[in-house]
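Just so it is clear, the values below take in all heavy atoms, side chains as well, and ignore hydrogens, waters and symmetry mates. Proteins get letters first, then strands, A, B, ... in listed order; numbering begins at 1 in each.
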2 protein chains.
Amino acid sequence: MKSSLTLEHQICFQLYTASKELTRLYRPILAPLNLTYSQYLVMLVLWEEDGIDMKQLGDRLTLDSGTLSPLVKRLMQLDYVEKVRATDDERRVLLSLTPSGSALREQAEDVPVKVSGMLNIDEATYIAYMEMLIDIKARLRDFGERQE
Amino acid sequence: MKSSLTLEHQICFQLYTASKELTRLYRPILAPLNLTYSQYLVMLVLWEEDGIDMKQLGDRLTLDSGTLSPLVKRLMQLDYVEKVRATDDERRVLLSLTPSGSALREQAEDVPVKVSGMLNIDEATYIAYMEMLIDIKARLRDFGERQE
DNA sequence: TATAATTGAATTGTGCACAACTTAATTGCC
DNA sequence: GGCAATTAAGTTGTGCACAATTCAATTATA
């Protein structure tokens, strides 16, 4: 099995740089929406599932409260989201879209289109690549479960 | 082309989480070497190319001096690397391994082996995945060049 | 029903990533 | 040779990622 200590032969390095470079591509596209890449991911979840709590949001994005709390605070300063404490369980904090936050969705509709165009990739390849990434994550989780 | 605003259908999200989760896998493996993941990448380059300068190191890793300068400072505090100013061009700073930095290589030899084991992946798949990631980066660069 | 254990969110501290800027050395051009 | 443009490295400031801790609310259990 691949064990050479060369940078370019390590899948971790390829993943790491590919992720960084793709994120870099998003920056100019998201700038007009006043969103960073991570904030955009949070907004994606909220457009899908308005009223989600911090815990479930963190599960979706694989982020803990240490990352999400300040990030959501910034989205509140932008007047895109609001926090409401859940009545049934006072520990939970529910996030909901403000009118501006909802309205932003329309502007965001063509973000994926722009990105696809930049990647210049056909649908079949796109799906194949996606499945491969999902498979990598599945293997990582399998290992995690074997360890329990 | 894929344009639904759903989190899981976006290749950027899959890349982002796959990269984070793989990095997470490295953490416990690198902890005994007192290295973070990014520091490990720098060491990989140095084991390959001792005496490289900051600029070329940054090109290899796609990192700028704002990231590398403090990172290398920490590697110096760990006594793994040293800085020497180049004599031919006083702007350049060359990085070289200390004896402990060189010695660390042996301990690092089985890092890729451990990771492969955790991923539980056969060589053909590993290579296919790697090529996919390289292809994504190539497409991103193609776009960058079209823009110039 | 007390109280121990667990859970959700926030805070603190460390390190990475990057934009914008500064400084000093080198190169290009007249 | 003199001066502008470029280049390498570092600094400052912002935001993300995560470990560790705190605090309050809830749940489990003796």
Q.
Looking at A/S65 and C/dG8, is any side-chain donor or acceptor paired with a base atom of the opposite kind under 3.5 Å?
A. no
Just compare [options] and give me whichever is closest to any side-chain atom of [X].
| X | options | value |
| --- | --- | --- |
| A/Q39 | C/dC18, D/dG15, D/dA25 | D/dG15 |
| B/M54 | D/dA9, C/dA10, D/dA17 | D/dA9 |
| A/K83 | C/dA10, C/dT6, C/dA17 | C/dA10 |
| A/V93 | D/dT7, C/dA10, D/dC18 | C/dA10 |
| B/E90 | C/dA19, C/dT26, C/dG8 | C/dT26 |
| B/R24 | D/dC18, D/dA8, C/dA9 | D/dC18 |
| B/D64 | D/dG10, C/dC18, C/dT6 | C/dC18 |
| B/S69 | C/dT6, D/dA9, D/dA17 | D/dA9 |
| A/R92 | C/dT26, C/dG8, D/dG10 | C/dG8 |

Without decimals, in angstroms, what is the distance between [X] [atom1] and [N] [atom2]?
| X | N | atom1 | atom2 | result |
| --- | --- | --- | --- | --- |
| A/R27 | C/dA19 | CZ | P | 5 Å |
| A/Y16 | C/dC18 | OH | C1' | 11 Å |
| A/K55 | C/dT6 | NZ | P | 15 Å |
| A/K73 | C/dA9 | NZ | C1' | 11 Å |
| A/D53 | D/dT26 | CG | C1' | 14 Å |
| A/L68 | C/dA10 | CG | P | 9 Å |
| A/Q56 | C/dA9 | CD | P | 9 Å |
| B/D89 | C/dT23 | CG | P | 20 Å |

Q. Measuring from A/D50:CG to A/L95:CG, what's the distance to the nearest 0.5 Å?
A. 9.0 Å
Do side-chain atoms of [X] reach the backbone of [Y] as a donor and acceptor pair under 3.5 angstrom?
| X | Y | value |
| --- | --- | --- |
| B/D53 | B/Q56 | yes |
| A/S19 | A/L15 | no |
| A/Q39 | A/T36 | yes |
| B/R139 | A/N120 | yes |

Q. Which part of the nucleic acid does A/T36 contact within heavy-atom distance under 4.0 Å: base, sugar-phosphate only, or nothing?
A. sugar-phosphate
(Q) For a quick check of understanding: with a heavy-atom distance under 4.0 Å over all strands, which category does B/T62 fall into, base, sugar-phosphate or nothing? (A) sugar-phosphate
Q | 5′-ward residue of the pair A/G66/A/T87 relative to DNA chain D | A | A/G66
Q. Hey, which of these two, A/L71 or A/D88, hits DNA chain D nearer its 5' end, going by closest nucleotide?
A. A/L71
Q. Are A/R105 and A/E48 ion-paired here, with the side-chain N under 4.0 Å from a carboxylate O?
A. no
(Q) Tell me whether the side-chain N/O atoms of A/S38 come closer than 4.0 Å to OP1 or OP2 in D/dA17. (A) yes
